[in-house]
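Worksheet: the structure to be examined is printed underneath.
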Amino acid sequence: MLQINYIRDNKATIVKLLAIKNFDASIIIDEIINLDDRRKSTQKELDDSLAKSNKLAKEIGGFYKTGQRDKAEDAKAQSSELKFIAKELEQKLDTIVTGLNDKLIELPNVPHESVPRGNSDEDNELLYEEGTIPKLYKDAIPHWELASRYGIIDFDLGSKVTGAGFPFYKGKGARLQRALINFFLDEALDQGYLEYQPPLLINSDSGYGTGQLPDKEGQMYYIGEDNLYLIPTAEVPITNIYRNVILKESDFPIKNVAYSNCFRREAGSYGKDVRGLNRLHQFDKVEIVQIQHPNKSYETLELMKEQIASLLRKLELPFRVVRLCGGDLSFTSALTYDFEVYSAAQKMWLEVSSVSNFENFQANRMKLRFKDKNGKSKLAHTLNGSALALPRIVAALLENNQTQEGIVIPEALRSYTKFDLIN
RNA sequence: GGAGAGUUGGCAGAGUGGUCGAAUGCGGUGGUCUUGAAAACCAUUGAUCCUUCGCGGGAUCCAAGGGUUCGAAUCCCUUACUCUCCGCCA
């Protein structure tokens with residue numbers, strides 16, 4: 001959510017930048033400013049009327065003490081009248097504020113100036129590509145076939161027990177997952193992150209705080225009985241730690257990391273790209289979250305980007321980094337880099353990480369602030385990134401590292417897996 | 001699931017209808033003292049909104065929402081959450 005004063009002061013810029021996201025803000029911004037004007041004037045009227053009746057109430061107390069009953073009765077009558085007016089003004093104000101919030105929630109975050117125009121992932125800007133794409137032997141097979149050949153992931157069993165998109169990992173498959181999780185967490189700890197194990201279910205306030213609600217309600221599993229949602233990413237619980245929190249400037253940067261299961265309904269996304277591990281309803285992810293001073297958030301975003309690149313290097317996976325175009329950028333993000341690894345048998349680039357700066361968009365929703373040098377409260381900036389999402393990493397590792405003898409585990413992982421070949 | 005107790009400022013904890021945005025302690029900040037620090041002492045220390053160039057002024061907030069009253073942290077209702085005991089259970 002954008003700040004109302006920011007909107008008032010930067011109307012033209014916002015309209016211009018939101019056009020990059022293919023969002024026409026011109027009308028809604030005028031509506032917002034208009035509503036805010038009405039909010040202010042109504043508030044003033046209400047405050048004045050309350051001020052009068054507060055004054056009267058105090059006088060009444062005095063009248064009773066000094067035994068001036070008549071004066072007290074007079075003042076009471078006046079006060080009742082004021083109260084009636086205040087009641088009406090309150091209702092009016094309430095209607096205006098609700099209307100204003102409804103409009104504010106519809107406004108997406110303003111993209112960073114470096115975000116390219118575009119409609120879909122085809123218009124994303126390729127920043128660089130790194131690593132070498134492996135040359136596979138001629139009978140190389142995609143990961144879902146490797147998974148069953150070596151008995152390490154069982155999709156059918158998942159379908160039986162739960163449904164499509166909920167695989168079982170077993171034997172070396174399960175151990176590989178566990179190794180990757182520990183590897184990712186340890187790498188983050190080396191970078192100074194604090195490890196969390198968050199709840200996997202969240203309430204609606206939290207969903208609203210990070211922007212999943214009301215925008216992407218249908219993407220989360222919902223437990224109606226208890227009014228809770230399964231988390232689509234650890235970003236939600238980890239960032240919401242700071243909902244309604246006022247930090248000190250010296251608290252920055254806050255660096256948190258969490259491993260969690262992630263649950264996504266992926267409604268309406270069935271089709272060719274969802275085979276095997278490519279798209280699941282439940283998957284594992286290590287997520288990094290930072291809360292930063294507004295002046296330093298872009299610097300931090302670059303560091304997080306570099307941190308993620310380093311993980312992929314250590315895993316010896318060929319990858320590329322893209323800057324998302326306006327059309328592909330999420331509702332809440334100002335700037336997002338996607339990391340994609342090349343999965344050699346599918347001959348496809350698979351997104352394994354998304355690292356974003358939300359600036360103060362999430363912070364404004366959840367009232368995450370800090371005291372600046374002058375003692376003023378200001379909104380902090382929030383950032384997060386996957387480091388990394390497991391399934392597609394596993395897919396790429398299996399496909400790229402397959403040999404006639406089996407699947408070779410990259411050097412960096414062997415101390416975690418305690419085996420160097422899946423065969 | 002059953003029964004009971006509770007929710008007050010960063011924390012602890014007073015406050016049961018009238019000048020209470022809220023005692024007190026701790027913590028935080030600034031200062032005095034000190035070579036420096038600690039201790040001690042002094043001062044200061046919540047958030048949001050409106051208004052003002054500024055000084056300042058006004059409004060709201062004691063879990064949330066509603067009600068009673070001229071006036072509510074205090075009384076009533078609803079909801080959420082927390083704790084204790086019992087039951088169940090990893």
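These numbers come from the heavy atoms of this one structure, side chains and all, not from hydrogens, waters or symmetry mates. Numbered from 1 within each chain, the chains take letters A, B, ... in sequence-line order.
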task: Would you kindly give the CG-to-P distance between Asn227(A) and A64(B), to the nearest whole Å?
output: 19 Å
- prompt: What distance, rounded to whole Å, do you find between the two P atoms, one in G57(B) and one in C76(B)?
  reply: 36 Å
message: Say we look at G65(B) and U74(B): how far apart would their P atoms be, to the nearest angstrom?
response: 13 Å
- prompt: Does Arg39(A) have a side-chain nitrogen or oxygen under 4.0 Å from the phosphate oxygens OP1 or OP2 of C50(B)?
  reply: yes
message: Distance check, C1' atoms only: A12(B) and G54(B), in whole angstrom units.
response: 39 Å
- request: Look at the side chain of Asp251(A) and the backbone N and O of Lys248(A), then say whether any donor-acceptor pair between them is shorter than 3.5 Å.
  value: yes
task: Scan Ala75(A) against the nucleic acid and name what it touches under 4.0 Å (heavy atoms): base, sugar-phosphate only, or nothing.
output: nothing
- line: To the nearest angstrom, the NZ-P distance between Lys58(A) and U19(B) comes to 8 Å
Nearest-nucleotide comparison on RNA chain B, the residue closer to the 5′ end among Lys76(A) and Ser377(A): Ser377(A)
- prompt: Counting only distance, no hydrogens or angles, is the base of U48(B) paired donor-acceptor with the side chain of Lys367(A) under 3.5 Å?
  reply: no
field: Strand partner of A39(B), provided both Watson-Crick or wobble distances fall under 3.5 Å
entry: none
query: Tell me: CG of Leu50(A) to P of U48(B), nearest whole Å?
result: 21 Å
- request: May I ask you to evaluate whether Lys248(A) reaches the phosphate of G10(B), defined as a side-chain N or O under 4.0 Å from OP1 or OP2?
  value: no
message: Does the structure place the NZ or CZ of Lys172(A) under 6.0 Å from the centre of the six-membered ring of Phe419(A), at an angle of no more than 45° from the ring's axis?
response: yes
- prompt: With a cut-off of under 6.0 Å to the ring centre and 45° to the axis, is Arg365(A) in cation-pi contact with Tyr208(A)?
  reply: yes
Listing, residues 8-32 of chain A side-chain donor-acceptor contacts under 3.5 Å, not counting sequence neighbours, or none:
from: Arg8(A); atom 1: NH1; to: Asp36(A); atom 2: OD2; distance (Å): 2.4
from: Arg8(A); atom 1: NH1; to: Asp37(A); atom 2: OD1; distance (Å): 3.4
from: Arg8(A); atom 1: NH2; to: Asp37(A); atom 2: OD1; distance (Å): 2.4
from: Asn10(A); atom 1: ND2; to: Tyr6(A); atom 2: O; distance (Å): 2.9
from: Lys11(A); atom 1: NZ; to: Asp30(A); atom 2: OD1; distance (Å): 2.7
from: Lys21(A); atom 1: NZ; to: Asn109(A); atom 2: O; distance (Å): 2.9
from: Lys21(A); atom 1: NZ; to: Ser330(A); atom 2: O; distance (Å): 2.8
from: Lys21(A); atom 1: NZ; to: Phe331(A); atom 2: O; distance (Å): 3.2
from: Lys21(A); atom 1: NZ; to: Ser333(A); atom 2: O; distance (Å): 3.0
from: Asn22(A); atom 1: ND2; to: Gly118(A); atom 2: O; distance (Å): 3.2
from: Asn22(A); atom 1: ND2; to: Asn119(A); atom 2: OD1; distance (Å): 3.2
from: Asp24(A); atom 1: OD1; to: Ser26(A); atom 2: N; distance (Å): 3.1
from: Asp24(A); atom 1: OD1; to: Ser26(A); atom 2: OG; distance (Å): 2.8
from: Glu31(A); atom 1: OE1; to: Lys103(A); atom 2: NZ; distance (Å): 3.2

message: Going by purine N1 to pyrimidine N3 plus the second Watson-Crick contact, or the G-U wobble pair, all under 3.5 Å, which nucleotide sits opposite U44(B)?
response: G28(B)
statement: The Watson-Crick or G-U wobble partner of U78(B), with both key distances under 3.5 Å, is A64(B)
message: C70(B), OP1 or OP2 - any side-chain N/O from Ser53(A) closer than 4.0 Å?
response: no
- prompt: Below 4.0 angstrom from OP1 or OP2 of G66(B), is there any side-chain N or O of Lys87(A)?
  reply: no
- prompt: What interatomic distance, in whole Å, is found between C1' of C75(B) and the corresponding atom of G2(B)?
  reply: 29 Å
- prompt: Quick one: Asn244(A) CG to U48(B) C1', roughly how many Å, whole number?
  reply: 12 Å
query: Rounded to the Å, how far apart are Ile246(A) CD1 and G28(B) P?
result: 18 Å
- prompt: Nearest of A59(B), C50(B), G18(B) to any side-chain atom of Ala51(A)?
  reply: A59(B)
field: Phosphate contact (U60(B) OP1 or OP2) by Asn54(A) side-chain N/O below 4.0 Å
entry: yes
task: Verify the distance criterion only: is there a donor paired with an acceptor across the side chains of Ser206(A) and Asn203(A) at less than 3.5 Å?
output: yes
message: Taking the basic N atoms (NZ, or NE/NH1/NH2) and the acidic carboxylate oxygens, is any pair closer than 4.0 Å for Glu306(A) and Arg313(A)?
response: yes
query: Of the nucleotides C50(B), U48(B), C70(B), which one has an atom closest to the side chain of Arg369(A)?
result: U48(B)
- prompt: Using atom C1' of each nucleotide, how far apart are U34(B) and G18(B) to the nearest Å?
  reply: 50 Å
field: Integer angstrom distance from the C1' of G46(B) to that of G10(B)
entry: 9 Å
field: Base-pairing mate for C85(B) - Watson-Crick or G-U, with both contacts under 3.5 Å
entry: G2(B)
message: What's the gap between A63(B) and U16(B) when it is taken at their P atoms, as a whole Å value?
response: 15 Å
- prompt: Which whole-number value in Å describes the distance from Asp205(A) CG to G65(B) C1'?
  reply: 14 Å
message: Would the distance check show the side chain of His381(A) and the main-chain N or O of His293(A) forming a donor-acceptor pair, the cut-off being under 3.5 Å?
response: no
- request: Please state the P separation for the pair G28(B) and C11(B) - nearest whole angstrom.
  value: 15 Å
- prompt: 5'-most contact on RNA chain B: Ser79(A) or Asp48(A), nearest heavy atom basis?
  reply: Asp48(A)
field: Interatomic distance where CZ belongs to Arg38(A) and C1' belongs to C50(B) [whole Å]
entry: 17 Å
task: For Lys83(A) and U69(B), give me the distance from atom NZ to atom C1', rounded to whole Å.
output: 7 Å
